[in-house]
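Here the structure is a predicted model, which means the values were calculated and not measured. Below, chain A is the first sequence line, B the second, and so on; all start at residue 1.
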Protein chains: 2
Amino acid sequence: MDLEKKPRMTPQRKVILEALRQVNTHPSADEVYEMVRKRLPRISLGTVYRILEMLSERGEIRKMEFGGTLKRFDGNPTEHYHIRCVCCDSIIDAPLSLMATIDREMDGATGYHILGHHLEFIGLCPDCMDNPISPDLRRMRRTSGSL
Amino acid sequence: MDLEKKPRMTPQRKVILEALRQVNTHPSADEVYEMVRKRLPRISLGTVYRILEMLSERGEIRKMEFGGTLKRFDGNPTEHYHIRCVCCDSIIDAPLSLMATIDREMDGATGYHILGHHLEFIGLCPDCMDNPISPDLRRMRRTSGSL
DNA sequence: TTAAATGCAAAGATTTTGCCAAATT
DNA sequence: AATTTGGCAAAATCTTTGCATTTAA
């Protein structure tokens, strides 16, 4: 909202940002909440949502409103692609460089002013090929925040 | 759930399927609900969700768990790409043929078994370039189901 | 002291479920 | 008659908001 003002670097913000930068698991808000609770036992989910929103508005992290119902957050704010496992719903960065010209091409082919694009691969991760987990177990994992 | 059994083509399913096939607006469940209510005044939202889910499981339509929080549905079940307007949140099909080999390449570059991919462009549609609508108005439009 | 941030809980929004009645084979 | 489906409402999920309190400049 207030892109102009510089926010204070509160302990909560610092911890959340560091937590996101340290992992490559693309956690949901709830998972971030569990992660930072170890260091900030009194933090609330609402605050986590608020701070994640703020950080992504400022481009310090990336909100992934993509695939799946719940949003995920990415500590790496640069543009890149992802691979999502259909089985365990984990997400990794895709080893594929940006398609730099595709936006311009689409811009020309349509009346749209293209701002960017998202690309996500869907597949089965190595772990799940060996030990496929059931949808129930999958949901349990997510709920307990230990993806 | 029961991919084996062939479902009966009830009036509700027929109307919903026809409604989706006739438009290219990629409506949400709620919007589908509004669309079919004209012909089926007594249908319930729950039924719409159930039928949409069932149709997409059978590959007759496509569920877009993509960009934005709420799911959209696409009467065109073949793989294709989309352009979403950041302003009005409308979605059109992208004039770009499938990148047929990219899945195989990603398959080779990772340990994953790649099943497919999603590509979505983000941009400003021609309408919104001329008449940008406010976020408030945008939400009102969605809520009233008249995208 | 003043403005901004947090914690907590309540409210919102969207989607899914349970259950009984109604429809279909 | 046995199943399946539909309607309704309640439940479940995930996210946002209001407000009193705390924190920091």
Side-chain angles (χ1 to χ4, degrees), chain A residues 1-17 27-34 36-37 39-58 63-73 89 135-136 138-145 147, chain B residues 1-17 27-34 36-37 39-58 63-73 89 135-136 138-145 147:
Chain A
M1 297 286 115
D2 28 291
L3 286 168
E4 330 296 339
K5 302 179 209 119
K6 172 140 82 186
R8 267 181 298 183
M9 187 47 74
T10 64
Q12 287 84 345
R13 290 179 190 175
K14 199 169 173 181
V15 170
I16 286 179
L17 190 51
S28 67
D30 206 68
E31 286 163 350
V32 172
Y33 175 56
E34 291 301 334
V36 301
R37 233 137 74 90
R39 279 192 257 173
L40 303 169
R42 299 187 51 71
I43 198 174
S44 69
L45 227 202
T47 298
V48 171
Y49 271 103
R50 253 185 309 232
I51 291 180
L52 287 172
E53 186 63 31
M54 193 217 71
L55 289 174
S56 74
E57 270 179 16
R58 289 169 205 284
K63 197 198 316 186
M64 306 170 58
E65 313 187 77
F66 220 53
T69 303
L70 68 173
K71 295 182 185 124
R72 305 276 204 103
F73 297 86
D89 210 38
D136 287 345
R138 191 187 320 168
R139 192 174 24 144
M140 279 176 55
R141 279 204 201 169
R142 309 228 70 219
T143 305
S144 65
L147 226 190
Chain B
M1 300 286 116
D2 29 293
L3 288 167
E4 330 296 340
K5 301 177 209 124
K6 172 138 85 185
R8 269 180 296 181
M9 188 45 75
T10 63
Q12 285 82 348
R13 292 181 188 175
K14 200 168 173 180
V15 171
I16 286 179
L17 191 51
S28 67
D30 205 70
E31 286 163 349
V32 172
Y33 175 56
E34 290 303 331
V36 301
R37 234 138 74 91
R39 277 191 259 173
L40 302 168
R42 301 188 48 71
I43 199 173
S44 71
L45 226 201
T47 298
V48 172
Y49 271 102
R50 247 186 314 237
I51 291 179
L52 287 173
E53 188 64 32
M54 194 217 68
L55 289 174
S56 72
E57 269 179 18
R58 290 170 204 284
K63 197 201 311 191
M64 306 169 58
E65 313 187 78
F66 221 50
T69 302
L70 65 173
K71 299 183 184 121
R72 305 275 205 105
F73 296 88
D89 211 38
D136 286 346
R138 190 187 321 168
R139 193 174 24 145
M140 279 177 55
R141 279 205 200 168
R142 310 228 71 218
T143 306
S144 67
L147 226 189

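To the nearest angstrom, C1' of dT15(C) lies 11 Å from CG of D30(B). Between R37(A) atom CZ and dG7(C) atom C1' the separation is 13 Å, expressed in whole Å. The nearest whole Å value for the distance from the CZ atom in R13(A) to the P atom in dA4(C) is 12 Å. A straight line from CZ of R42(A) to P of dA5(C) spans 20 Å, rounded to a whole angstrom. Computed from coordinates, the L40(B) CG to dC8(D) C1' distance equals 16 Å when rounded to whole Å. Between I43(B) atom CD1 and dA22(C) atom C1' there is a gap of 15 Å when expressed in whole angstrom units. Between the P atom of dT13(D) and the CZ atom of R72(A) lies a distance of 17 Å, rounded to the nearest Å. Q12(B) has its CD atom 12 Å from the C1' atom of dT4(D), to the nearest Å.
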Nucleotide N/O of nucleotides 16-18 of chain C paired with protein N/O under 3.5 Å:
| from | atom 1 | to | atom 2 | distance (Å) |
| --- | --- | --- | --- | --- |
| dT16(C) | OP1 | K71(B) | NZ | 3.2 |

Give every pair of a protein N or O atom and an N or O atom of nucleotides 23-25 of chain C that lie under 3.5 Å apart, one pair per line with the distance.
| from | atom 1 | to | atom 2 | distance (Å) |
| --- | --- | --- | --- | --- |
| dT24(C) | O4' | R8(B) | NH1 | 2.6 |
| dT24(C) | O3' | R8(B) | NH1 | 3.4 |

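Taking the side chain to side chain contact (heavy atoms under 4.5 Å, CB included) definition, one finds that S44(A) meets it with T47(A), sequence neighbours left out. R50(A) pairs by the salt bridge (Lys or Arg N to Asp or Glu O under 4.0 Å) definition with nothing, not counting sequence neighbours. Taking the salt bridge (Lys or Arg N to Asp or Glu O under 4.0 Å) definition, one finds that K63(A) meets it with E53(A), sequence neighbours left out. For the side chain to side chain contact (heavy atoms under 4.5 Å, CB included) test, residues two or more places apart in sequence or in another chain that qualify with L55(B) are I16(B), L17(B), I51(B), E60(B), I61(B). Residues passing the side-chain hydrogen bond (donor to acceptor under 3.5 Å, both in side chains) test with Y49(B): none are found, sequence neighbours excluded.
Nearest approach of A29(A) to L45(A), heavy atoms of both residues: O-CD2, 4.3 Å. Across every non-hydrogen atom of L40(B) and Q12(B), the tightest pair is CD1-CA, 3.7 Å. Between Y33(A) and V48(A) the shortest heavy-atom distance is CD1-CG2, 3.9 Å.
Taken to the nearest 0.5 Å, the CZ atom of F73(B) stands 8.5 Å off from the OG atom of S28(B).
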Assess whether side-chain contact (heavy atoms from CB on, under 4.5 Å) is satisfied between R13(A) and M54(A), documenting all intermediate values. CA-CA 10 Å; R13(A) 290 179 190 175; M54(A) 193 217 71; 3.7 Å; yes
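Bending across the helix from dT1(C)-dA25(D) to dT25(C)-dA1(D), expressed as the angle between its end axes from five pairs apiece, amounts to 20° (10° rounding).
Distance alone, capped at 3.5 Å, places no donor-acceptor pair between the E34(A) side chain and the E31(A) backbone.
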